[in-house]
Amino acid sequence: KRSTGSMAAALMSEAQYGNAQTNHASMNAIRQGAFLDRVVKAFEAGGETAAAVVADLEECRRILCAPSAMRIHVATDILKAPTPYQTLSALLPAAVASPQLSPTKLELLRASAHVAQKTTARAVLGLSTAENSTLRQSAPGLGPHDPALPALMVAIEHLTGLEGDFWCKIRGLGLSYGYAISNNSEAQRLSFSLSRSTDPIKAHAAAKAIVQEYATGAATISDTDLESTKSAVVFGIVEDADTKSAATALAWKKLFGGKAGDYERALMGKVLAVTRDQALEALRTHLVPLFDAESSTLAVVTPLNKVDVTAESFNAKIVREDALALAFPPVCTAPGDAEADIPPPPPQAKYPRKAPSFGRAYAAKLCECPRCEKPPAPV
């Protein structure tokens, strides 16, 4: 059974990462299903076709498991280890302790390096199994070091906090059970979502109207609300590292996010210094465009009987449930510039250096994406 939430996330991910050679696009379940069907047929065909699939899989495994391209994170009490670096190096294979190749640049491992920031795709999918609707909307957001990030966090918390405007005017009126606004600093994307919504059109209109009220000055943030909101934001930052395992995971993420060890402490200080004017300015600058059709991406999954009216309201294209393969076409796997980051094979490698394309498994030499589709042979 497909859930509305997972399908809405898939449509949103396809709009933002569909043309990028990343896991965001490749791991889509619909795309993976079609791909695995082709792999099975290749194995069933046997001979060189099956051997090519095995070669691709072995090449993929070699690249992923290359010790020289790995990063190791150890969390321990270094006070109990007089020489922690020397002790760890002695436990690791020589290829890991003395890497021959530099791992992929951290900048290339962040979602912000691959996301399509200017996309304005809008899609509505009707599911026969859906009992209610899910909506996701996304627009360019802020990175972890943007000066306006603390003020934006305060503005978001004020709108979406317990018994706040969204609580009273969206959930309180029965338009949607769940709602959220979040900023993904790693991808630099702002997102608005509705879950288990009985009427996504009215719920979306209500959220947009609330934001407009604050943007135009019809509503404001009181001193008491400002202080309580900042306290809630600080609590959320602390809660992300409330256990040793959570703190360890957070430290690991900082490496890829380009954050210093004291990032959260500095961020909390900046949040506490946010003024009402700064929060409202962040709302006008970043949250208003989030609800604008010309600057955002939207995906809605709804019951079949609401597809037409929902698509018309949001001026979105309709994605048919029985034609999902058209919404998630094969990604291009033809070798490209990404090969520069692939470590070369060892001297005894059986297969030559090449990016794992999987297109060779079907005697095509190229992948099956539209860009690589071969023209018909002349008659």
Side-chain angles (χ1 to χ4, degrees), residues 1-18 24-25 27-34 37 116 119-139 159-160 162 164-182 184 189-212 287 290-330:
K1 179 181 178 180
R2 298 190 181 103
S3 69
T4 57
S6 62
M7 291 307 301
L11 289 171
M12 182 61 67
S13 181
E14 184 66 15
Q16 296 177 0
Y17 301 97
H24 297 282
M27 294 181 65
N28 176 277
I30 305 298
R31 182 173 288 118
Q32 282 290 316
D37 287 340
T119 180
T120 56
R122 308 176 79 76
V124 174
L125 167 65
L127 281 186
S128 56
T129 57
E131 298 178 355
N132 42 50
S133 301
T134 295
L135 179 147
R136 293 202 176 197
Q137 191 165 15
S138 179
L159 294 176
T160 61
L162 183 65
D165 291 82
F166 277 31
W167 172 281
C168 297
K169 299 179 181 180
I170 297 178
R171 180 169 177 168
L173 297 180
L175 301 177
S176 180
Y177 183 81
Y179 55 83
I181 298 180
S182 61
N184 184 338
R189 295 292 295 182
L190 262 173
S191 298
F192 167 69
S193 64
L194 297 170
S195 58
R196 287 181 282 179
S197 175
T198 58
D199 194 331
I201 298 174
K202 290 184 178 180
H204 181 273
K208 183 176 181 178
I210 292 171
V211 172
Q212 287 292 341
L287 295 187
L290 175 60
F291 293 91
D292 189 346
E294 297 181 356
S295 57
S296 64
T297 305
L298 182 137
V300 186
V301 180
T302 188
L304 292 175
N305 63 343
K306 294 183 179 181
V307 170
D308 293 334
V309 64
T310 302
E312 181 180 359
S313 176
F314 291 113
N315 191 25
K317 71 174 183 179
I318 296 176
V319 177
R320 292 172 49 197
E321 185 178 13
D322 58 354
L324 290 176
L326 298 177
F328 305 104

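The model shown is predicted, which means the values in this text are computed figures rather than measured ones.
Once rounded to the nearest 0.5 Å, the distance linking CG of Leu162 with CH2 of Trp167 reads 5.0 Å. With values rounded to the nearest 0.5 angstrom, Gln16 atom CD is found 11.5 Å from Leu11 atom CG. Going from atom CD of Gln137 over to atom CG of Asp292 covers 9.0 Å, rounded to the nearest 0.5 Å. Here the CG-NE2 distance, from Asp199 to His204, works out to 12.5 Å after rounding to the nearest 0.5 Å. To the nearest 0.5 Å, the span separating CG on Asn184 from CZ on Arg189 amounts to 10.0 Å. If you take CG on Leu175 and CZ on Phe166, they are separated by 12.0 Å, rounding to the nearest 0.5 Å.
When every heavy atom of Val124 is checked against every heavy atom of Ala316, the shortest pair comes out as CG2-CB, 3.8 Å. Nearest heavy-atom pair across Ala207 and Phe291 is CB-CE2, 3.8 Å. Minimum interatomic distance between Arg136 and Gly5 (heavy atoms only, all atoms of both residues): NH2-O, 4.2 Å. Taking both residues in full, the closest heavy atoms of Ala121 and Ala15 are given as CB-CB, 4.0 Å, listed atom of the first, atom of the second, then distance. Of all the heavy atoms in Ser296 and Arg122, the pair that sits closest is OG-NH1, 3.7 Å. Across every non-hydrogen atom of Ala123 and Val319, the tightest pair is CB-CG2, 4.0 Å.
Using a 4.5 Å heavy-atom cutoff, the side chains of Leu324 and Met7 are in contact. Side-chain contact between Ser313 and Lys202 is absent, with no heavy-atom pair separated by less than 4.5 Å. Contact of the Leu290 side chain with the Ile181 side chain is registered, since non-hydrogen atoms from C-beta on lie closer than 4.5 Å. The side-chain heavy atoms of Leu135 and Phe314, taken from C-beta on, include a pair separated by under 4.5 Å. Leu287 is not listed as a side-chain neighbour of Phe192, based on a closest heavy-atom distance of 4.5 Å or more.
For Thr297, the side chain to side chain donor-acceptor pair (under 3.5 Å) criterion is met by no residue, not counting sequence neighbours. In terms of the salt bridge (charged side-chain N to carboxylate O under 4.0 Å, His left out) criterion, residue partners of Arg320 (sequence neighbours excluded) are, by chain and number, Asp322.
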Quick one: do Thr120 and Glu294 satisfy side-chain contact (heavy atoms from CB on, under 4.5 Å)? Show the steps, please. CA-CA 6 Å; Thr120 56; Glu294 297 181 356; 5.8 Å; no
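The neighbour count for Glu312 CD, taken as heavy atoms of other residues, nucleotides or ligands under 6.0 Å away, does not exceed 12. Applying the 6.0 Å contact sphere to CG of Asp37 captures more than 12 heavy atoms from other residues, nucleotides or ligands.
With Arg31 contributing its side chain and Pro329 its backbone, the two residues share a donor-acceptor pair below 3.5 Å. No donor-acceptor pair closer than 3.5 Å links the side chain of Ser197 to the backbone N or O of Thr134.
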Output side-chain donor-acceptor pairs under 3.5 Å for residues 301-309, partner residues at least two apart or in another chain, one line each.
{"unit_1": "Thr302", "atom_1": "OG1", "unit_2": "Ser133", "atom_2": "OG", "d": "2.8"}
{"unit_1": "Lys306", "atom_1": "NZ", "unit_2": "Thr198", "atom_2": "O", "d": "2.6"}

